Amino acid sequence: MSLSSRYNAEETENKWYAHWMEKNYFRSVPDEREAYTILIPPPNVTGVLHMGHMLNVTIQDVLIRKARLEGKNACWVPGTDHASIATEAKVVKMLREKGIKKSDLTRDEFLSHAFQWKDKYGGIILDQLKMLGASCDWERTRFTMEPALQKSVLQSFKDLYNKGLLYRGLRMTNWDPAAQTVLSNEEVIHQQENGKLYHISYKIDGEDQVVTIATTRPETILADSAIAVHPDDERYTHLHGKFAIVPMINRRIPIIVDRYVKLDFGTGALKVTPAHDMNDYEIGQRHNLEVIDILNDNGTLNDRAQFYIGMDRMVVRKQIAKDLQSLGQLEKVEDYSNSVGRSERTNAVVEPKLTQQWFLKMDSLAKTALKAVENGDIQFMPTHMINMYRNWLKEENVRDWCVSRQLWWGQQIPAYYHKKYDITLVATTSEDLEKQIADLNQQITSNEGLEVSHRNDASRKSSVLESLSIKDFEQDEDVVDTWFSSWLWPISVFDGFEDQKELSYYYPTSVLVTGWDIMFFWVARMIMAGYEWSPDLIPSVVAKKGAFPFKDVYFTGMVRDKLGRKMSKSLGNSPDSIELIKTYGADGVRFGILSAAAAGNDVIFDAPFTDKKNTSIKNESKLCETGRNFSNKLWNALRLIDAWPIQDEAANEDIANMNQYANLWMEQSFHKTLDQVNDLMGKYRLSEATRVLYNFIWGDFCSWYLEIIKPDYQQAIDTSTRRFAIELFKKLMTLLHPFMPFVTEEIWSILKDNESEPDCVLSSWPKTKPYDGELIESFQTIKQLVSSIRDLRNKNQLKPKEPLKLLVRKSKKTKRLLSTAGAMTLIQRIAFLSDIHMTDTEDDGHAFLVGTEQFFLVFEKSIDAAAEKMKIEEEIQRLEGFLKGIDKKLSNQRFVENAPTKVVEMEKKKKTDSLAKIQVLKENLSKLDA
RNA sequence: GGGUGAUUAGCUCAGUUGGUAGAGCGUUUCGUUUACACCGAAAAUGUCAGGAGUUCGAGUCUCUUAUCACCCACCA
């Protein structure tokens with residue numbers, strides 16, 4: 001068989017992914033094995049693969065593949081999130097481009113457009129995950145808006161309502177005028193923006209004086225209810241109790257005193273606009289001020305504003321400034337930078353607005369969720385993330401969660417209101433609703449009426465005598481926040497609210513891998529949901545394992561570009577994932593990402609982004625390139641072994657011994673490496689594990705081991721060494737498989753010699769075994785010796801393969817080293833020596849040191865004696881300085897007494913070693929003088 | 001204002017019980033009949049941000065200063 005010298009990633013990857021799928025290797029069903037479960041953080045259904053996903057997914061795939069190799073029942077559940085506001089915003093935009101306004105559509109019409117959109121673009125991202133090699137159980141793919149998950153949302157909503165944790169109320173909320181929905185605090189992004197600070201003077205009622213306020217939003221003066229000053233502000237004491245006149249509309253508003261006002265800000269006088277500012281609303285509450293809402297839902301002014309009706313607030317801002325100026329009431333305008341909240345999804349400037357919303361009480365939920373992490377039921381990685389978590393969940397920072405959204409794309413809130421009376425029913429199905437109405441009617445007939453308030457007038461009470469009809473109830477128009485479905489993910493993907501069979505087996509999941517940016521949105525809330533429902537759903541499992549939804553949380557960092565900016569679509573600074581995979585292969589990209597990603601640290605990815613304007617910039621990444629090169633290296637190691645002719649026995653006894661020695665060393669080193677990899681992966685230190693494997697395979701396995709056992713030109717390798725090399729290579733492929741699944745599978749498939757053997761993806765993770773550290777150490781010395789010889793050749797312009805004689809000063813250590821069967825042959829061959837000769841006399845070779853041992857290489861060409869002398873002198877000087885430090889330590893009684901004996905012993909050894917080295921160097925020096 | 005992290009070789013970053021600083025890339029030199037130039041051999045490079053403290057010993061622990069990120073709250 002002849003194999004190309006270039007590994008073809010694209011071809012190989014497609015082939016193997018199809019094969020794995022065909023064999024159904026990623027399928028998991030409950031059985032008697034231990035479960036290892038990961039749930040994918042569901043990406044937005046219409047999203048495309050970006051660097052963050054790639055990081056996330058690669059890590060999850062490494063963990064799940066390792067578990068699979070360890071014989072666990074590995075289950076990785078994929079899926080997508082309907083992403084309520086994000087998707088709806090996209091659909092609205094798409095419709096607008098087609099000339100269709102959302103407001104012209106009915107709810108059902110809009111939803112059918114949205115579903116069409118979802119069918120067209122949804123799931124693209126899942127196919128992209130397949131390109132990366134993600135070994136998800138695709139039969140389990142879930143979507144947060146599919147009927148079963150929808151049902152979970154309704155059930156949990158009803159449950160929380162019945163527990164009294166959900167309530168409806170009129171609150172100041174963040175209003176997105178573009179999407180025309182309320183937003184949670186987390187969906188509002190505050191940023192410093194340049195604006196203007198307008199100083200506007202208000203006349204004092206009945207007097208010939210003015211009071212000047214400063215505002216960044218002059219249009220809101222039309223909604224002013226008061227002017228507030230600080231009670232201790234002597235500048236305004238004379239105004240207490242008086243009234244001011246709002247410019248243009250001439251409304252008379254009181255001048256009030258409130259400690260909220262800052263003396264040193266602006267003019268010290270604050271216009272109070274309860275309808276359009278969070279703090280003003282609170283002031284308004286304290287002083288019983290009128291709430292005048294002048295904004296329509298789309299951000300234009302309504303008729304309560306009296307002027308500028310129908311104009312957008314941003315347009316009015318400029319216009320009113322001009323108009324105030326002509327009235328002489330605009331004193332000055334300053335440039336001003338302040339923080340502006342914008343909608344995460346639509347980028348519209350968010351307006352505070354008083355709206356009726358559903359809220360979830362968070363205090364007890366937050367307390368439980370905090371405890372779960374503080375008492376170690378759930379482990380965060382990196383551990384310091386607990387600080388951020390604590391800071392957010394502590395009592396004084398927790399706010400009730402606004403769960404309603406004025407959108408259509410999502411789960412419609414299962415609350416039904418009677419058209420006339422203040423009756424709210426929360427029902428999951430129409431049967432449920434009918435039953436609840438029937439119950440009420442039962443109550444009405446048996447109690448001779450039901451005392452209720454009127455819907456539009458709480459103070460008006462009636463006794464309902466007639467039967468209530470389902471026709472008189474209307475469902476809440478709103479949908480729930482997207483996170484109100486995703487917080488159920490660990491339960492709902494197993495249909496846990498419906499049937500607990502699967503949930504009992506897979507819950508709690510093993511690890512959650514996600515970015516810390518959604519710690520509050522999602523992670524904390526999943527923990528809350530876990531503790532809220534799992535004890536009722538699967539009590540016996542919870543008693544045994546706990547109620548937490550996952551044992552570990554691995555927080556990945558944010559992927560940033562070279563400038564340290566978070567990669568985002570709007571900045572256009574994200575490399576094209578698919579292009580990257582095409583360029584370097586999925587294995588290469590995985591390797592690149594993994595080597596860049598230490599847990600929790602932000603990842604600076606070195607791929608220059610494809611600039612929106614300059615598409616000629618190619619995606620290139622040194623890290624991925626290293627990964628691709630590594631694939632190619634593995635491939636060529638395979639080609640090497642594959643091409644060797646085979647013979648029964650080694651050519652001679654020396655070769656046989658040498659190969660045996662090399663095998664022994666490899667075996668020991670392998671187990672040392674295995675230990676390291678196990679340890680690192682257990683701690684989720686994947687970047688380090690990647691590096692350890694890379695160094696071992698490229699360095700020890702390829703550069704040393706294969707070079708040693710490589711037969712001479714047109715010679716053959718003996719079967720047992722070949723067998724050993726192949727078995728070792730296969731073990732290495734298993735170890736590397738989680739990181740680079742495709743190339744390892746390909747190589748494995750060529751290495752394996754019978755069809756009954758499993759594929760690499762299902763091979764067995766090697767068992768650990770004690771290893772001989774001393775043997776590895778002494779081999780290390782051999783490597784150093786060989787490198788030193790090569791260095792000498794280099795420095796003296798000697799041909800790499802010119803046979804040279806090596807003289808070895810007799811000492812116990814070298815004797816032991818060189819008497820190891822095969823060691824002598826090994827050195828002689830790879831260092832291209834004609835002879836290794838033991839000596840205890842003065843010799844005429846060129847002396848060099850390996851450790852403390854002295855060697856001489858015999859060659860003709862004379863070296864630059866003066867330069868050599870200088871180098872030796874420098875080295876002696878360095879060593880003497882070093883020795884001084886050691887002596888200082890050793891003569892320090894406290895050190896000798898306090899430091900562990902092991903450390904003291906080491907210092908003593910260092911001292912004797914240095915002394916020996918100096919001794920040898922001085923000898924060399926004197927020889928140069930001679 | 002509250003909180004978190006970072007500062008280590010030219011670049012990007014590792015460095016978990018405190019015991020003489022590491023990797024990749026880049027650089028320099030040499031090398032191509034015998035797996036791989038997506039290669040091989042070898043070399044150079046650091047007052048571990050500054051200061052103080054604890055300790056026999058600090059990149060590692062404590063305090064402090066500076067710079068830079070980020071999160072939460074908020075900025076008439």
Side-chain angles (χ1 to χ4, degrees), chain A residues 3 5-7 185-186 190 192 197-198 213-217 220 228 260-262 265-273 277-280 336-339 382-385 387-388 390-392 396-397 516-517 519-520 558 560 562 564 566 584 588 595-596 598 600-606 622-623 625-626 628-644 683 685 687-688 691 694-695 702-703 706-707 710-715 786-788 790-795 797 799-800 882 885-886 888-890 892-900 902-904 906-907 910:
Chain A
L3 304 169
S5 69
R6 276 291 158 85
Y7 170 67
N185 283 343
E186 291 77 21
H190 289 272
Q192 285 298 121
L197 189 62
Y198 301 84
I213 57 91
T215 178
T216 52
R217 299 189 298 159
T220 62
Y260 169 79
V261 183
K262 288 190 191 76
F265 191 91
T267 61
L270 168 74
K271 69 193 255 336
V272 184
T273 320
D277 185 281
M278 302 278 181
N279 293 306
D280 289 10
Y336 187 67
S337 160
N338 70 333
S339 127
T383 47
H384 70 78
M385 284 296 171
N387 294 321
M388 204 190 284
R390 187 184 292 123
N391 198 252
W392 196 69
E396 60 269 33
N397 285 344
W516 52 258
D517 55 331
M519 180 190 281
F520 311 135
M558 298 295 100
R560 296 175 186 284
K562 275 187 154 175
K566 196 167 158 180
Y584 300 109
S595 27
N601 283 356
D602 283 357
V603 179
I604 307 280
F605 200 69
D606 65 341
K622 285 291 174 190
L623 293 168
E625 195 178 309
T626 306
R628 180 201 60 187
N629 294 354
F630 189 31
S631 298
N632 199 51
K633 183 72 182 177
L634 294 168
W635 177 249
N636 278 291
L638 170 78
R639 287 179 62 224
L640 176 68
I641 293 182
D642 197 59
W644 285 336
K683 295 172 182 159
R685 306 176 73 82
S687 66
E688 284 170 71
R691 205 179 55 220
Y694 176 86
N695 288 339
C702 292
S703 297
L706 290 182
E707 289 298 332
K710 180 156 93 178
D712 287 338
Y713 187 51
Q714 290 193 331
Q715 297 291 304
V786 172
S787 293
S788 302
R790 288 170 177 166
D791 187 27
L792 274 176
R793 286 180 188 272
N794 239 330
K795 283 187 178 134
Q797 284 102 45
K799 288 242 166 68
F882 181 56
I886 296 170
K888 201 174 144 195
K889 265 191 198 173
L890 285 173
N892 183 335
Q893 194 135 10
R894 285 198 290 181
F895 171 73
V896 181
E897 279 166 9
N898 295 328
K902 221 171 119 190
V903 174
V904 179
M906 214 149 77
E907 290 299 319
K910 277 186 217 161

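Proteins come first, then strands; the chains are lettered A, B, ... in the order of their sequence lines, and each starts at number 1. Note that the coordinates shown come from a computational prediction; the quantities given were computed from them, not determined experimentally.
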Whole-Å gap separating [atom2] ([N]) and [atom1] ([X]):
X: Met388(A); N: C72(B); atom1: CE; atom2: C1'; answer: 9 Å
X: Phe630(A); N: A37(B); atom1: CZ; atom2: P; answer: 17 Å
X: Lys795(A); N: A41(B); atom1: NZ; atom2: P; answer: 17 Å
X: Met278(A); N: A73(B); atom1: CE; atom2: P; answer: 10 Å
X: Asn387(A); N: G3(B); atom1: CG; atom2: C1'; answer: 8 Å
X: Asp642(A); N: C36(B); atom1: CG; atom2: P; answer: 14 Å
X: Asp517(A); N: A69(B); atom1: CG; atom2: P; answer: 19 Å
X: Asn279(A); N: C74(B); atom1: CG; atom2: P; answer: 7 Å

*Want to settle it: does Ser337(A) or Arg790(A) sit nearer the 5' end of RNA chain B, counting the closest nucleotide to each?*
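So the residue in question is Arg790(A).
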*On RNA chain B, nearest-nucleotide positions of Leu197(A) versus Tyr7(A): which is more 5'?*
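Its nearest nucleotide lies further toward 5', so the answer is Tyr7(A).
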Given [options], the nucleotide with the shortest approach to the side chain of [X]:
X: Ser787(A); options: A14(B), C71(B), A42(B); result: A42(B)
X: Asn794(A); options: C74(B), A76(B), A42(B); result: A42(B)
X: Asp791(A); options: A76(B), A14(B), A42(B); result: A42(B)
X: Arg628(A); options: G3(B), C38(B), C30(B); result: C38(B)

Under 4.0 angstrom, heavy atoms only, what part of the nucleic acid is [X] near: base, sugar-phosphate, or nothing?
X: Asp280(A); answer: nothing
X: Asn397(A); answer: nothing
X: Arg390(A); answer: nothing
X: Val272(A); answer: nothing
X: Ala214(A); answer: base
X: Leu270(A); answer: base
X: Gln192(A); answer: base
X: Tyr336(A); answer: sugar-phosphate
X: Ala269(A); answer: base

*In Å, rounded to the nearest 0.5 Å, how long is the span from CG of Leu270(A) to CG of Asp280(A)?*
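So the gap between those two atoms works out to 5.5 Å.
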What distance, rounded to whole Å, do you find between the two [atom1] atoms, one in [N] and one in [M]?
N: C63(B); M: A76(B); atom1: C1'; result: 40 Å
N: G46(B); M: A21(B); atom1: P; result: 13 Å
N: C30(B); M: A35(B); atom1: P; result: 24 Å
N: A66(B); M: C74(B); atom1: P; result: 27 Å
N: U67(B); M: A23(B); atom1: C1'; result: 27 Å
N: C68(B); M: G57(B); atom1: P; result: 35 Å
N: C39(B); M: U32(B); atom1: C1'; result: 9 Å
N: U8(B); M: G51(B); atom1: P; result: 15 Å

*With sequence neighbours excluded, tell me which residues meet salt bridge (charged side-chain N to carboxylate O under 4.0 Å, His left out) with Arg217(A).*
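Asp277(A), Glu351(A).
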*Results of salt bridge (charged side-chain N to carboxylate O under 4.0 Å, His left out) for Arg390(A) - residues two or more places apart only*: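 Arg390(A) satisfies salt bridge (charged side-chain N to carboxylate O under 4.0 Å, His left out) with Glu374(A) only.
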side-chain contact (heavy atoms from CB on, under 4.5 Å) against [X], all qualifying residues, sequence neighbours excluded:
X: Ser787(A); value: Trp704(A)
X: Gln715(A); value: Pro711(A), Asp712(A)
X: Ser788(A); value: Phe848(A), Val850(A)
X: Phe520(A); value: Met388(A), Trp392(A)

*asked:* Test your reading of the model: is there a side-chain donor-acceptor pair from Asn636(A) to the backbone of Asn632(A), 3.5 Å cut-off?
replied: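 Yes; at least one donor-acceptor contact below 3.5 Å.
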_Would the distance check show the side chain of Arg628(A) and the main-chain N or O of Gly588(A) forming a donor-acceptor pair, the cut-off being under 3.5 Å?_
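Checked: no pair found.
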_Between Tyr7(A) and Leu634(A), is the side chain to side chain contact (heavy atoms under 4.5 Å, CB included) condition met? List the steps._
CA-CA 9 Å; Tyr7(A) 170 67; Leu634(A) 294 168; over 6 Å; no
_Generate the contact string for nucleotides 21-27 of chain B. Rules: B means base contact, S means sugar-phosphate contact only, - means no protein heavy atom under 4.0 Å._
--SSS--
*Short side-chain N/O contact from Asn338(A) to OP1 or OP2 of A76(B), under 4.0 Å*: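 It does, given that an N or O in the side chain of Asn338(A) lies less than 4.0 Å from OP1 or OP2 of A76(B).
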*Kindly say if Asn629(A) contacts the phosphate of C39(B), meaning a side-chain N or O under 4.0 Å from OP1 or OP2.*
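Answer is yes, contact under 4.0 Å.
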Taking only N/O atoms, report every protein-nucleotides 31-35 of chain B pair under 3.5 Å with atom names and distance.
unit_1, atom_1, unit_2, atom_2, d
U34(B), O4, Lys801(A), NZ, 3.1
A35(B), O2', Asn636(A), OD1, 2.7
A35(B), O2', Arg639(A), NH1, 2.6
A35(B), N6, Glu707(A), OE2, 2.8
A35(B), N3, Asn636(A), O, 2.9
A35(B), N3, Ala637(A), N, 3.4

*Quick one: side-chain hydrogen bond (donor to acceptor under 3.5 Å, both in side chains) partners of Lys633(A), sequence neighbours excluded?*
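None.
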*Please list, chain by chain and in numerical order, all residues satisfying side-chain hydrogen bond (donor to acceptor under 3.5 Å, both in side chains) with Asp791(A), sequence neighbours excluded.*
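Residues passing side-chain hydrogen bond (donor to acceptor under 3.5 Å, both in side chains) with Asp791(A): Lys795(A).
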*Secondary-structure stems, RNA chain B, at least 3 Watson-Crick or G-U base pairs under 3.5 Å*: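 If one scans RNA chain B for consecutive Watson-Crick or G-U pairs, the stems found are B:1-7 with B:66-72, B:10-13 with B:22-25, B:27-31 with B:39-43, B:49-53 with B:61-65.
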*How would you list, by chain and number, every residue that makes a ring pair (Phe, Tyr, Trp, His ring centres under 6.0 Å) with Tyr198(A), sequence neighbours excluded?*
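By the ring pair (Phe, Tyr, Trp, His ring centres under 6.0 Å) rule, Tyr198(A) matches no residue at all.
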